[in-house]
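Small disclaimer: the values here were computed from a predicted structure and weren't measured. Indexing begins at 1, ligand by ligand and atom by atom, following the structure's order.
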Amino acid sequence: MSYNIAIDGPAGAGKSTIAKLIAKKKGFVYVDTGAMYRAMALYFLEEGISADDSEKIAAATDHVDVTISYENGEQVVWLNGRNVNGLIRTEEVSKMASKSSTNGAVRKKLVELQQALAQKESVVMDGRDIGTCVLPNADVKVYLTASSHVRAVRRYEELKAKGEACDLDVIEKDIIDRDYQDMHRELSPLKQADDAVLLDSSDMTIEQVADAIIKMCD
Ligand code: DC
């Protein structure tokens, strides 16, 4: 039987860093579901499909094949046979992913893929609807959050380290907008599952959060 850990929460709460660390410590597979929504979003952007054209987006999902594989423990996302890892972390893709992930056809396709993965392997899966929709029977469910200011500062430091120009106020506003969009959509909105444990990482280190989650597996 596979063992499933579900981690949900808003953008920038530290989900992926923590999920990766737990996966390494437990010898599980890390599944980044946001990357799948991002790959789909990249396709819509490349095809010039508007985020507001839900019919075109739904029809286009028939032509999109998103799969994942693992290279040296890192998840690689393939869009129609092309490795798109290097293309899906831009602000443009973030915004499109937040919008196109409201589409039922997009969600159905990706949720099926995620459920199949979790059935086959023990996984640490992060996203927005993992505990509520994708893996309702997960062994451990965590809702990981942090204040929007702390999340914006983390993102700001990340971009600054890469030498990219950025403005803290703009980043915080984008984070608040994206939270609103993710929490208020009709389908599978971001929310804490009734049986999920709430963790606020604002004043915790990565190690402290990972250790707290690993303890829940005992
Ligand atoms: O986790 P992320 O920032 O890479 O996710 C990008 C977008 O994808 C996010 O704004 C909402 C959407 N998403 C989703 O709807 N459901 C998931 N399980 C994961 C991401």
Considering both backbone and side-chain atoms of Arg185, is one of its nitrogen or oxygen atoms within less than 3.5 Å of a nitrogen or oxygen in ligand 1?
yes

For atom 3 (O) of ligand 1, find the nearest protein heavy atom and state the residue, atom name and distance (0.1 Å precision).
Arg38 NH2, 3.0 Å

Between Asn72 (side chain only) and Glu74 (backbone N and O only), is there a donor and an acceptor less than 3.5 Å apart?
no

Looking only at protein heavy atoms, what sits closest to atom 10 (O) of ligand 1 is Arg178 NH1, 2.9 Å

protein heavy-atom neighbour closest to atom 12 (C) of ligand 1 works out as Ser101 OG, 3.5 Å

Closest non-hydrogen atoms of Thr132 and Pro136, given as atom of the first, atom of the second and distance, are O-CB, 4.5 Å

re atom 7 (C) of ligand 1, the protein heavy-atom contact at minimum distance is Ala97 CB, 3.8 Å

of all protein heavy atoms, closest to atom 8 (O) of ligand 1 is Tyr37 CB, 3.5 Å

Quick one: look up the protein heavy atom nearest atom 18 (N) of ligand 1 and list residue, atom name and how far away it is.
Asp129 OD1, 2.8 Å

Salt bridge flag under 4.0 Å for residues Lys95 and Asp177
no

Return yes if some donor-acceptor pair links the side-chain N/O of Arg178 with the main-chain N/O of Pro10 below 3.5 Å, else return no.
no

Test salt bridge (charged side-chain N to carboxylate O under 4.0 Å, His left out) applied to Glu112 and Arg107, step by step
CA-CA 8 Å; Glu112 280 169 7; Arg107 302 207 70 80; over 6 Å; no

State whether Lys191 and Asp8 are salt-bridged, where the test is any N-O pair (Lys NZ or Arg NE/NH1/NH2 against Asp/Glu carboxylate O) under 4.0 Å.
no

Going by the order shown, which atoms of ligand 1 are within less than 4.0 Å of some heavy atom of Asp182?
9 (C), 10 (O), 11 (C)

More than 12 foreign heavy atoms under 6.0 Å from NZ of Lys25: is that the case here?
yes

Residue-level breakdown please: for Ser98 versus ligand 1, do any non-hydrogen atoms fall below 4.0 Å on the side chain, on the backbone, on both, or on neither?
both

Asn80 (side chain) donor-acceptor with His63 (main chain) under 3.5 angstrom:
yes

Starting from atom 19 (C) of ligand 1, what is the nearest protein heavy atom, named by residue and atom, and what distance separates them?
Thr33 OG1, 3.3 Å

So, is Arg107 polar-close to ligand 1, with some N/O to N/O distance under 3.5 Å?
yes

Regarding ligand 1, does Arg128 bring an N or O atom to under 3.5 Å of one of the ligand's N or O atoms?
yes

